[in-house]
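Contents: one structure, followed by commentary.
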2 protein chains.
Amino acid sequence: MSPRKSAAEARRTRERIVGRSVAIASVDGLDGLTLGRLAADLEMSKAGVLGHFGTKEALQLAALAEASAIYTRLVWEPAADLPPGLTRLRAVCEYWVDYLETARDIFPGGCLFTTASVEFDARPGPLHDAVRRLQLRWRRVLLTDLTTAVANGELPADTDPEQLCFELVGLYLGLNQSIQLLADPHAPARTRRALDRLLTPPPR
Amino acid sequence: MSPRKSAAEARRTRERIVGRSVAIASVDGLDGLTLGRLAADLEMSKAGVLGHFGTKEALQLAALAEASAIYTRLVWEPAADLPPGLTRLRAVCEYWVDYLETARDIFPGGCLFTTASVEFDARPGPLHDAVRRLQLRWRRVLLTDLTTAVANGELPADTDPEQLCFELVGLYLGLNQSIQLLADPHAPARTRRALDRLLTPPPR
DNA sequence: CCTACCGATCGGTAGG
DNA sequence: CCTACCGATCGGTAGG
């Protein structure tokens with residue numbers, strides 16, 4: 001029926017599948033994502049969907065990688081060229097809040113990264129490993145600027161960067177819960193207030 | 001084959017099913033819980049399991065209610081008789097950390113309440129409503145002692161109880177992630193340090 | 001990228 | 001609480 005497609009068309013189809021997978025998994029989880037649902041949404045056959053990935057697990061990993069790419073593009077890249085240290089860190093944290101506030105068209109069920117973190121936190125396998133690796137990578141990004149900020153005297157000298165990083169991640173998880181589960185309109189402002197307090201230069 | 005059981009035996013069987021459901025759902029989520037798996041674990045038939053609840057959704061709600069009861073028993077009740085305000089709040093927060101650190105035999109995949117919060121945060125229905133209600137109830141418990149603590153002068157007068165409650169919940173979510181996904185042995189100590197800073201009486 | 005399958009498992013029901 | 005089913009859906013394969 002459908003003629004065989006060119007490589008460029010195949011790539012576009014693959015992108016459509018991954019984009020739709022990210023949206024579905026954001027709501028239903030990466031396990032709630034099924035080939036049948038995906039095929040129906042995209043008006044394709046299940047075999048046509050699966051052909052691009054081979055297995056469902058490979059599709060789940062592709063969706064997670066795409067979510068990570070979106071996150072990097074929206075949260076990290078806009079701040080990448082700012083001066084390392086407190087300046088860049090504050091910008092990243094601001095983009096981070098914006099991302100949770102506004103990326104609802106891409107992630108109708110909230111940050112896929114957070115959903116997947118909880119979904120696979122206790123289930124060994126490639127998805128657990130991938131989620132864990134991405135989470136550690138992101139914490140290292142924060143830690144780098146935190147350490148620089150302390151070295152620059154932009155944060156109090158007795159600041160423990162690991163401790164502050166832990167607290168920043170907690171704020172973000174709480175923001176995601178308040179937006180998604182509670183639909184609390186004040187949560188972004190609360191997060192910004194907490195960030196201001198945590199990321200304030202020492203008195204001099 | 002099996003003779004009909006007495007009401008007391010039926011109650012015991014129901015408790016066994018719910019207990020096993022909590023453990024499975026802690027790892028695989030309330031949707032990952034299946035009647036077939038449950039029946040195999042308990043060496044019963046699927047119909048025997050389902051007979052106690054009628055539908056899978058009723059079983060999921062029962063597992064969630066049990067998780068909430070466990071949480072209340074381990075986190076709230078040990079502190080219930082302490083003086084309202086900062087004293088009781090600090091005790092509750094300490095039991096809260098202990099609970100995440102040590103309840104791994106009951107919740108092998110971490111606090112079921114947190115897992116369910118993320119699983120159903122964007123999916124309307126009775127489970128979403130139940131998770132949301134329980135989360136709001138718990139936040140109100142924290143808020144009560146926070147408000148009392150400010151009124152008693154045990155926290156700085158300019159403290160916003162809602163803001164502090166938001167930050168406490170974030171810490172807890174971060175602790176769950178650090179324990180489950182990252183297996184970070186320092187996370188409980190970090191949480192206690194952050195709690196100390198957040199719940200310190202004003203200088204006088 | 002499709003049609004046409006496969007065995008396994010899903011939640012749930014009938015009837016005892 | 002069991003056996004014996006039901007239709008629907010799962011991930012995946014064969015073959016084109």
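Residue numbering restarts at 1 for every chain, and letters A, B, ... go by the order of the sequence lines. If you're wondering where the values come from, they're calculated on a predicted model, not measured in any experiment.
Atom NE2 in B:His52 sits roughly 16 Å away from atom P in C:dG12 (whole-Å rounding). Atom C1' of nucleotide C:dC10 and atom CD of B:Glu57 are separated by 16 Å, given to the nearest angstrom.
Judged purely by atom type and a 3.5 angstrom limit, A:Ser26 has no side-chain atom pairing as donor or acceptor with the backbone of A:Val22. Checked by atom type and distance alone, the side chain of A:Lys56 pairs as donor or acceptor with a backbone atom of A:Leu33 at under 3.5 Å. No side-chain donor-acceptor contact under 3.5 Å links B:Arg20 to the backbone of B:Leu42.
Among residues two or more places apart in sequence or in another chain, the side-chain contact (heavy atoms from CB on, under 4.5 Å) test is passed with B:Val97 by B:Glu101, B:Leu175, B:Pro188, B:Thr191, B:Arg192, B:Leu195. The salt bridge (Lys or Arg N to Asp or Glu O under 4.0 Å) check on B:Glu119 picks up nothing, with sequence neighbours excluded. For the ring-ring contact (aromatic ring centres under 6.0 Å, His included) test, no residue two or more places apart in sequence or in another chain qualifies with A:Phe166. Contacts of B:Pro126 classified as side-chain contact (heavy atoms from CB on, under 4.5 Å), with partners at least two apart in sequence or in another chain: B:Glu57, B:Leu61. When the salt bridge (Lys or Arg N to Asp or Glu O under 4.0 Å) test is applied to A:Asp28, the partners found at least two apart in sequence or on another chain are A:Arg37, B:Arg123. For B:Asp145, the salt bridge (Lys or Arg N to Asp or Glu O under 4.0 Å) partners two or more places apart in sequence, or in a different chain, are B:Arg88.
With salt bridges taken as basic N to acidic carboxylate O contacts below 4.0 Å, one links A:Asp160 and B:Arg193.
Only B:Met44, B:Ser45, listed by number, bring a heavy atom of residues 36-45 of chain B to less than 4.0 angstrom from any atom of DNA chain D. The stretch residues 27-35 of chain B comes close to DNA chain C through B:Leu33, B:Thr34, B:Leu35, each having a heavy atom under 4.0 Å from the strand.
For residues 161-177 of chain A, the salt bridge (charged side-chain N to carboxylate O under 4.0 Å, His left out) pairs, not counting sequence neighbours, are A:Glu162-B:Arg190, A:Glu167-B:Arg197. Sorted by first and then second residue, the pairs that involve residues 66-75 of chain B and meet side-chain hydrogen bond (donor to acceptor under 3.5 Å, both in side chains), not counting sequence neighbours, are B:Tyr71-B:Trp96, B:Tyr71-B:Trp138.
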Tabulate atom names and distances for all N/O pairs under 3.5 angstrom spanning the protein and nucleotides 13-15 of chain C.
none

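For DNA chain D, the stems formed by at least three consecutive Watson-Crick or G-U pairs, with both atom-pair distances below 3.5 Å, span C:1-16 with D:1-16.
With rounding to the nearest 0.5 Å, the separation of OG in B:Ser21 from CG in B:Leu64 is 11.5 Å.
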